[in-house]
Amino acid sequence: MQTIHDAAALRAAIRAWRVQGQSIGFVPTMGNLHAGHLALVQLARARAERVVASIFVNPTQFGPDEDFARYPRTLERDQAGLASAGCDLLFAPTVEVMYPFGPANTARVAVPEVTATLEGAHRTGHFDGVATVVVKLFNLVQPDLAVFGQKDWQQMLVVRRLVRDLALPLEIIAAPTVREADGLALSSRNQYLDADQRARAAEIHATLLAMRTAHLGGQPRTQVETEALTRLRATGFDPDYAVIRRGVDLAVPADTEHGGLIALIAARLGTTRLIDNLPFDGG
Ligand code: PAF
């Protein structure tokens, strides 16, 4: 696996594959890779002749009080993991390559509607930063397909909307969430948890399962949501939301609507903010 840090060398490598008629799968990441990321690479590997991954801790998607500075940078370990998962090329650009005029002065891409709620409402500007960097990465890599994890369900919807609205010529593939044995979704932020928090963190998935059971059992949505918040607080979480929404657009479902629903949670344990979701029909 080769690692490339600048745009010109990346374009040359991509061009060489294109000349040979090879298809390209892409997995964008912020590094500190875990088995969930490597599953995305394996999915891309199964669907394309060449696989490119990127590692870029993107400053424009972090708020001023968020963890940009302390986000773990583990390039060497990530390179080994990517190579073992079948990645052909790692693109690991600098901030200067991605934002030549500086992150604050970049042209920006904003996705409407699906960004107005949940993560978009709690993390102002987050999805503008994601959409901007993803479009730039797509322009650089020019993949036939890109793989995103369902754990960031709203991000996946944002990227799909971006691709449709801007007629970007690639397919977006959603990969199932990879979990620890106790149900905790794999996340780079799990390593911020101390032992006690880690033991309690599995309560997010347990609460999602309980929300699904209660709602499919006939309990009204608002009651399910209230009970989920109570349960999370009782375990020491400070929840931002615990909701049931329509999976396709995150709109609040009508009381008569039962297909295509998803439960989503964002909650803090100490200073660590975790998110997870559970599509009621499997995603
Ligand atoms: O999901 C992530 O790791 C990031 O949001 C992404 C898609 C790599 C953009 O920076």
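For clarity, every value in this text was computed on a predicted model and none was experimentally measured.
- Sequence neighbours left out, the pairs with a member in residues 226-246 that pass ring pair (Phe, Tyr, Trp, His ring centres under 6.0 Å) are H122-Y241.
- Heavy atoms of other residues, nucleotides or ligands lying less than 6.0 angstrom from CD of Q20 number more than 12.
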Subject >> Residues D249, E113; criterion side-chain contact (heavy atoms from CB on, under 4.5 Å); working and verdict >> reply: CA-CA 9 Å; D249 58 5; E113 297 184 315; over 6 Å; no
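- In this structure, the side chains of L89 and V51 stay at 4.5 Å or more apart for every pair of heavy atoms.
- Shown here are the salt bridge (charged side-chain N to carboxylate O under 4.0 Å, His left out) partners of R47, two or more places apart in sequence or in another chain: E171.
- For D78 and R73, the salt-bridge test fails: no basic side-chain N is under 4.0 Å from an acidic carboxylate O.
- F56 is not listed as a side-chain neighbour of P28, based on a closest heavy-atom distance of 4.5 Å or more.
- Residues R245 and L261 have side chains not in contact (no heavy-atom distance under 4.5 Å, counting atoms from C-beta outward).
- No side-chain donor-acceptor contact under 3.5 Å links D240 to the backbone of A267.
- A chain of hydrophobic side-chain contacts below 4.5 Å, direct or via other Ile, Leu, Val, Met, Phe, Trp or Tyr residues, connects V114 to F148.
- A search for ring-ring contact (aromatic ring centres under 6.0 Å, His included) contacts involving H34 returns H37, not counting sequence neighbours.
- With hydrogens and angles disregarded, a donor-acceptor distance shorter than 3.5 Å links the side chain of T29 to the backbone of S54.
- Listed by chain and residue number, Q79 satisfy the side chain to side chain donor-acceptor pair (under 3.5 Å) test with T3 (two or more places apart in sequence, or in another chain).
- When hydrophobic clusters are built by joining Ile, Leu, Val, Met, Phe, Trp and Tyr residues whose side-chain heavy atoms come closer than 4.5 Å, directly or via intermediates, L43 is not grouped with V52.
- Remark: N277 pairs with no residue by the side chain to side chain donor-acceptor pair (under 3.5 Å) rule, at least two apart or across chains.
- Under the 4.5 Å side-chain heavy-atom criterion for grouping Ile, Leu, Val, Met, Phe, Trp and Tyr, V243 is connected to L157 within one hydrophobic cluster.
- A distance of 12.0 Å separates OG1 of T271 from CD of E66, quoted to the nearest 0.5 Å.
- Residues satisfying the salt bridge (charged side-chain N to carboxylate O under 4.0 Å, His left out) criterion with D196, sequence neighbours excluded, are R200.
- Looking at T106 and K136, their side chains never come closer than 4.5 Å, going by heavy atoms from C-beta outward.
- Applying the ring-ring contact (aromatic ring centres under 6.0 Å, His included) test to F62 and every residue at least two apart in sequence or in another chain returns F68, Y71.
- For R179, the salt bridge (charged side-chain N to carboxylate O under 4.0 Å, His left out) test picks out D276, with sequence neighbours left out.
- R198 has a carboxylate O that lies under 4.0 Å from a charged side-chain N of D182, or vice versa, which qualifies the two as a salt bridge.
- Side-chain contact check for H215 versus Q223: every heavy-atom pair is 4.5 Å or farther apart.
- For the ring pair (Phe, Tyr, Trp, His ring centres under 6.0 Å) condition, no pair includes a residue of residues 4-32, sequence neighbours left out.
- Taking OG1 of T272 as the reference point, atom CD of Q197 lies at 5.5 Å (rounded to 0.5 Å).
- Partners of R212 under the salt bridge (charged side-chain N to carboxylate O under 4.0 Å, His left out) rule, at least two apart in sequence or in another chain, do not exist in this structure.
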Original post:
Do L209 and L278 pass the side-chain contact (heavy atoms from CB on, under 4.5 Å) test, and can you show the C-alpha distance, the side-chain angles, and the key distance before you say yes or no?
Top reply: CA-CA 7 Å; L209 290 170; L278 185 72; 3.8 Å; yes
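- Counting heavy atoms from C-beta outward, M98 and L137 have side chains that approach closer than 4.5 Å.
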Please list, one pair per line, the donor and acceptor atoms closer than 3.5 Å that link side chains of residues 124-135 to other protein atoms, with sequence neighbours excluded.
unit_1: H126; atom_1: ND1; unit_2: Q61; atom_2: O; d: 2.8
unit_1: T132; atom_1: OG1; unit_2: V109; atom_2: N; d: 2.9
unit_1: T132; atom_1: OG1; unit_2: D128; atom_2: O; d: 2.6

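- Side-chain N/O atoms of S23 and E49 include a donor and acceptor closer than 3.5 Å.
- Both V95 and L140 sit in one connected hydrophobic cluster of ILVMFWY residues. Membership requires side-chain heavy atoms under 4.5 Å apart, directly or through other members.
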**OP:** Report the C-alpha distance between R233 and D238 in whole Å, list the side-chain angles of each, state the deciding distance to 0.1 Å, and finish with yes or no for salt bridge (charged side-chain N to carboxylate O under 4.0 Å, His left out).
**Re:** CA-CA 6 Å; R233 288 191 183 110; D238 176 14; 5.5 Å; no
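- Using a 3.5 Å distance cut-off with no hydrogens or angles, the side chains of Y99 and N105 do not pair a donor with an acceptor.
- A single hydrophobic cluster is seen to contain both L170 and I14, as judged by linkage of ILVMFWY side chains at heavy-atom distances under 4.5 Å, directly or through other members.
- Salt bridge absent: R231 and E227 never bring a charged side-chain N and a carboxylate O closer than 4.0 Å.
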**OP:** Decide yes or no on side-chain contact (heavy atoms from CB on, under 4.5 Å) for I24 and V141, but give the supporting numbers first.
**Re:** CA-CA 8 Å; I24 296 169; V141 176; 4.2 Å; yes
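- In terms of modelled atom types and a separation under 3.5 Å, the side chain of E225 and the main chain of T222 share no donor-acceptor contact.
- Residue-environment remark: CZ (R70) exceeds the threshold of 12 foreign heavy atoms within 6.0 Å.
- Remark: D144 engages R18 in a salt bridge, criterion side-chain N to carboxylate O under 4.0 Å.
- Residues L184 and I204 fail the side-chain proximity criterion, which asks for heavy atoms closer than 4.5 Å.
- Between L82 and L33, the closest side-chain pair of non-hydrogen atoms falls below 4.5 Å.
- Rounding to the nearest 0.5 Å places CG of L90 at 10.0 Å from CG of L10.
- Atom CG of D255 is surrounded by 12 or fewer heavy atoms from other residues, nucleotides or ligands within 6.0 Å.
- Grouping Ile, Leu, Val, Met, Phe, Trp and Tyr residues whose side-chain heavy atoms lie under 4.5 Å apart, directly or via other members, leaves V252 alone, with no other cluster members.
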